[in-house]
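Below, chain A is the first sequence line, B the second, and so on; all start at residue 1.
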Amino acid sequence: MVPQMIIEARDVGVELGGGPVLRGVDLRAGRGDIVAVVGENGAGKSTLLRCLAGLQPGVSGKVGVFDRPPVDEPAFWRDVALVGDEPAWYPGLTVREHLELMPAVHAAARMEVGTALETFGLAGRGDMAPLSLSTGQRQRLSLAMALIRPSRLLLLDEPERGLDPAFRSRLAACLTEYAAEGGTVVMATHDLRLVEVTRARSVTLEAA
Amino acid sequence: MKTWSDRYSAVVGAAVAVALLVPASSAVVTSLAQQVDPSRMGAGIALVALAFAGYLALARAFGPVATSAADAAWLLLSPLPRRGVLRRTVGILLAISLLGGLALAVGLLSALGVRDQLTLRLLTAVVLGVSATIGGMAMAVLAQASQAWDSWLLGTIIFVMALAVLAAVLGSGLWRPLPAAVAGVPASVGSAIAVVSAIAAAVLARRAWAALERVPAHRVLAASTRTGQVATATVLLDPSALTWIAEDEHWRGRGLRSRPWPPRLHGPLVLAWPDWRRLARRPGRSALLLASATLPALAARAGGGLTTFALVLIAAGTLAAAAACTTAARRDGDDPSLARLSGVGTRPALAARTLLPALAGGGWLGVALAGLVAAGALSEGPWWLFGPAAAPALAAGALRMARRRPIDHSMPIIPILGGAVPMGPVVWALTGADVAALGCAPVLMALSTQPPALGPYLVAQALAGTGVAAVFLLRRRVR
């Protein structure tokens with residue numbers, strides 16, 4: 001049976017270099033939820049996302065994703081897609097081939113590759129190497145790769161980074177559609193307009 | 001402004017360098033005064049020509065006119081005379097050309113031998129070598145300023161490489177007397193040729209000096225960025241960064257044509273495919289890799305047998321061929337973001353990525369060993385079979401090398417006789433080579449002992465290769 005509660009984090013704390021980065025954070029998210037983690041620089045938004053992705057060592061409190069602690073293992077990543085810093089692209093592959101990689105490896109896709117190229121404004125860039133794209137276009141490609149593959153949880157660290165205002169609206173529509181299909185989105189963001197348009201539930205972090 | 005302390009340091013440094021170099025140089029010059037077997041001359045000339053082609057290719061790839069990041073940012077775009085800004089760069093390029101020319105001269109004399117008039121022939125070779133390197137560097141500078149000269153430089157590189165192939169192929173057959181005739185040319189004729197080449201080099205250098213004012217700023221800036229990245233990678237002792245600089249530089253801005261993924265590939269095999277596609281998209285590099293498998297045979301012929309140099313070439317070339325096909329594993333090792341998006345485990349992904357480096361490494365070794373048999377450096381026998389037998393171990397070594405962490409500079413420095421060895425770079429350099437050497441122990445033993453019957457060694461190699469690869473892939477924590 002698919003659990004309704006996707007993320008359940010209680011009293012999460014992280015210390016780095018002897019100082020607290022996160023302290024006593026609670027976060028719950030169910031199927032179809034969009035949660036926006038907001039807060040000033042250094043509040044621990046990215047650290048919280050790393051905790052939810054099982055990538056942060058030394059976490060206190062309880063973090064549960066799909067009713068179990070998150071771990072950096074293939075079974076976990078088959079359900080979870082993470083978009084953080086720009087990934088290192090495979091040399092010699094085009095934009096389209098990077099996108100095609102996802103349906104090929106997962107044997108399923110949420111949308112056609114051509115549709116994804118159109119949706120993410122990369123239609124005329126399919127035959128280019130990712131390194132030839134602008135920063136914003138590479139961010140679009142990262143988001144497209146995460147959204148073209150099937151997943152149940154989407155973790156986004158500042159997805160609006162480098163994107164123009166017009167595309168941010170399109171991204172909001174993509175995330176809303178993903179949640180409507182039953183997916184859960186947790187994003188760390190500074191874009192309050194994106195929070196508003198996606199009707200995300202805000203969780204505000206204060207610097208610990 | 002230079003202080004007296006700076007000048008003192010420079011003078012003492014130069015004196016120490018001279019004191020160290022003079023005995024070594026005299027030993028090298030003494031060793032040149034011998035005749036060389038005509039059958040070895042062609043291979044020697046081929047190696048020298050290949051070294052010169054490599055020198056020209058490097059000069060073309062790195063600029064060669066580049067300056068420091070600060071000068072590039074502030075002085076290059078100012079109204080200051082360009083030649084004044086680049087004066088220091090020109091000095092460095094001249095020094096590189098001089099050193100390269102001396103090395104080329106020594107290589108040429110080692111290949112052809114000296115039967116009489118050592119001093120005159122040495123002088124001739126030095127003038128020839130330095131003229132070639134200064135002329136080549138001048139062409140590279142001109143190529144930076146003009147597309148036409150770039151075509152000429154590319155043509156020269158191809159011509160020199162063709163010359164190397166001809167010397168290697170014809171030097172051992174019916175044309176064997178040709179290199180011997182070159183070696184037997186009277187010293188006066190050689191001197192005349194050297195004078196002509198020196199004049200040609202001077203003309204080219206003069207034109208290059210004039211062209212410095214016309215080199216487009218963006219080209220010097222691009223070369224400065226490349227050189228700066230290389231310098232940073234060198235200072236930080238992170239050699240792997242150098243290959244990423246070259247790789248990213250190759251693909252950035254390059255027009256490609258997307259092709260669909262093979263429909264039958266699923267799961268981990270999909271992650272192995274990028275390396276196959278990358279190899280197919282760099283046919284020139286693949287051809288060069290394959291052609292380089294003849295280098296051990298050339299070295300063996302030039303050295304008159306299976307020398308240590310030839311053995312080192314076999315080991316380094318085999319591992320380099322396998323490692324050249326593990327780029328995707330290196331990417332995922334450096335940054336696992338894409339691997340996480342794919343949701344495939346490290347072990348299945350590595351297993352799927354074994355095939356290509358195994359084919360490349362095993363194939364390279366097989367061709368190199370067949371070449372050594374053809375060159376007469378190894379006894380008759382199915383030596384090439386060691387290639388497929390060692391392939392799994394080579395793939396395991398290359399993949400381990402691809403996933404090694406950056407150099408750990410916090411590791412201790414071990415004092416040894418005559419110096420100290422930092423363990424961080426040593427451990428980094430040995431990671432990957434250790435597994436490959438362990439898995440290739442039988443072929444290494446066979447090469448050092450050259451047994452009459454290869455059968456037991458081949459069986460041992462097949463078992464060792466498969467065993468090492470299996471342990472590498474099946475152990476609890478893959479790294």
Let me confirm one number: the [atom1]-[atom2] distance from [X] to [Y], rounded to the nearest 0.5 Å.
X: A/Arg78; Y: B/Ser342; atom1: CZ; atom2: OG; result: 9.5 Å
X: B/Thr346; Y: A/Glu73; atom1: OG1; atom2: CD; result: 9.5 Å
X: A/Arg96; Y: B/Leu256; atom1: CZ; atom2: CG; result: 13.5 Å
X: A/Leu93; Y: B/Arg331; atom1: CG; atom2: CZ; result: 10.5 Å
X: A/Asp85; Y: B/Asp335; atom1: CG; atom2: CG; result: 8.5 Å

Determine the minimum heavy-atom distance between [X] and [Y], stating which atoms define it.
X: B/Leu341; Y: A/His106; value: O-NE2, 2.9 Å
X: B/Gly267; Y: A/Val105; value: O-CG2, 3.5 Å
X: B/Ser258; Y: A/Gly126; value: OG-O, 3.1 Å

Would you indicate whether A/Arg201, at its atom CZ, is surrounded by more than 12 heavy atoms from other residues, nucleotides or ligands within a distance under 6.0 Å?
yes

Can you confirm whether A/Met128 is buried at CE, in the sense that more than 12 heavy atoms of other residues, nucleotides or ligands lie under 6.0 Å from that atom?
yes

Does any donor atom in the side chain of A/Tyr90 or B/Asp332 lie under 3.5 Å from an acceptor atom in the other side chain?
yes

For a 4.5 angstrom cut-off between non-hydrogen side-chain atoms, does B/Val344 reach A/Pro74?
no

Go through the atoms of A/Asp72 and report whether side chain, backbone, both or neither lie under 4.5 Å from a heavy atom of chain B.
side chain

The interface call for A/Glu86 against chain B, heavy-atom contacts under 4.5 Å, is backbone

So which residues of residues 139-149 of chain A are in contact with chain B at a heavy-atom cut-off of under 4.5 Å?
A/Met145, A/Ala146, A/Arg149

Going by residue number, which parts of residues 172-189 of chain A are within reach of chain B, meaning a heavy-atom gap below 4.5 Å?
none

Looking only at heavy atoms and a cut-off of under 4.5 Å, which of B/Trp261, B/Trp251, B/Trp273 has the most pairs with chain A?
B/Trp261

Which residue is it: B/Arg281, B/Arg259, B/Arg278, B/Arg257? I am looking for the one with a salt bridge (charged side-chain N to carboxylate O under 4.0 Å, His left out) to A/Glu97.
B/Arg281

Out of A/Ala104, A/Ala129, A/Pro103, return the one with the most heavy atom pairs under 4.5 angstrom to chain B.
A/Ala104

